[in-house]
Q: 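Shown below is the structure under consideration.
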Amino acid sequence: MMLFKMKNIFKTERVLVFGDIHGGLKAIKQLFEKAKITTEDKLIFLGDYVDGWSESPQVLDFLMDLQKTHNCILLRGNHDELLQNWLETDTYNEMWKNHGGEATINAYKKVSAEKKLEHIAFLKTLENYHLDSKNRLFVHAGFTNLRGVEYEHFPKLMYWDRTLWEMALAFDTRIEKDSLYYPSRFLQYHEIYIGHTPTTRIEKLVPIQKANVWNVDTGAAFTGSLTVMDVDTKEFWQSDLLTDLYPDEKGRN
């Protein structure tokens with residue numbers, strides 16, 4: 001018994017960050033097995049839990065149960081806001097429907113009114129960003145204020161904007177940090193972890209680092225996999241391709 005206690009004293013908590021899930025419950029369950037996730041891990045979810053594959057309601061149920069047993073940080077994605085708006089107003093635009101919303105609408109036909117209210121309450125608790133003690137920022141999409149997320153004038157941009165990742169992709173690594181030309185947004189944080197814009201857009205199937213920005217959305221909504229990464233070691237695990245896990249569905253393709 002004493003040896004068991006001593007072993008746990010020195011056990012290091014992992015900080016694991018998840019990319020966009022988009023209704024792929026089978027993928028997230030697969031990652032829990034592959035990464036051997038336990039209650040001693042800190043789990044950070046970057047948002048976009050819904051829209052794409054057929055199990056968006058079940059993904060929300062999974063996360064709601066998970067936060068009761070695990071240390072979870074649950075961030076808001078743009079698709080999560082779109083779902084919340086639909087659940088609250090019963091209205092939607094065609095753009096949302098054509099970008100993953102239709103699968104969600106169909107999935108909710110089997111969900112009770114009581115469960116929908118639970119999901120609305122859950123969606124309202126999602127956070128726009130998380131900043132840890134090591135000055136690592138976790139945010140769904142990015143931010144535009146040069147001084148950082150705390151000064152963002154338009155909070156919705158933290159789960160809609162794509163310019164942070166676009167700037168990271170175009171960044172000239174020859175620019176020194178003390179240069180007047182070095183992007184101020186990169187200087188605010190030690191590392192930045194985002195989703196929102198799949199790495200499959202640049203024909204990459206794994207997490208990609210540009211400047212100090214890590215993109216862990218590896219295209220689970222489309223033809224890629226769901227990814228979870230250890231932010232300290234940079235080790236990562238990936239599910240099977242979502243097109244293989246849901247062979248009779250189209251996702252957001």
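In this text the structure is predicted, and so the values were computed from the model without any measurement.
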Q: Keeping the roles fixed (side chain from Asp41, backbone from Thr38), state whether a donor-acceptor pair exists under 3.5 Å.
A: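 Between the backbone of Thr38 and the side chain of Asp41 there is a qualifying donor-acceptor contact (under 3.5 Å).
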Q: Quick check against the 3.5 Å criterion: does Glu249 have a side-chain atom that pairs as donor or acceptor with the backbone of Ser54?
A: yes
Q: The test is ring pair (Phe, Tyr, Trp, His ring centres under 6.0 Å); show your working for Tyr151 and Phe143 and say whether it passes.
A: CA-CA 9 Å; Tyr151 300 92; Phe143 58 97; over 10 Å; no
Q: Are the charged groups of Asp161 and Lys156 less than 4.0 angstrom apart, N to O?
A: no
Q: Applying the side chain to side chain contact (heavy atoms under 4.5 Å, CB included) criterion to Leu31, which one of Leu16, Val228, Thr227, Ile21 satisfies it?
A: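 The residue from Leu16, Val228, Thr227, Ile21 that satisfies side chain to side chain contact (heavy atoms under 4.5 Å, CB included) with Leu31 turns out to be Val228.
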Q: Counting only heavy atoms from other residues, nucleotides and ligands, does the tally under 6.0 Å from NZ of Lys29 exceed 12?
A: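 Incorrect, the count does not exceed 12.
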Q: Is Arg76 salt-bridged to Asp80, cutoff N-O under 4.0 Å?
A: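 Looking at Arg76 and Asp80, the cut-off is not met.
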Q: Can a donor-acceptor pair be found, under 3.5 Å and without considering hydrogens, that links the side chain of Thr199 to the backbone of Lys204?
A: yes
Q: Test Phe18 against Tyr49 for ring pair (Phe, Tyr, Trp, His ring centres under 6.0 Å), laying out the working first.
A: CA-CA 10 Å; Phe18 289 79; Tyr49 311 119; 9.7 Å; no
Q: Indicate yes or no: does Asp230 engage Lys42 in a salt bridge with an N to O separation below 4.0 Å.
A: no
Q: Between Asn135 (side chain only) and Gln188 (backbone N and O only), is there a donor and an acceptor less than 3.5 Å apart?
A: yes
Q: Quick check against the 3.5 Å criterion: does Thr200 have a side-chain atom that pairs as donor or acceptor with the backbone of Glu203?
A: no
Q: Run Trp96 and Asp51 through side-chain hydrogen bond (donor to acceptor under 3.5 Å, both in side chains) and show every step you take.
A: CA-CA 9 Å; Trp96 173 58; Asp51 294 351; 2.6 Å; yes
Q: Under a 4.0 Å N-O cut-off, is there an ion pair linking Arg174 with Asp172?
A: yes
Q: Can you check whether Asp48 reaches Asn78 side chain to side chain, under 4.5 Å on heavy atoms?
A: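 In contact.
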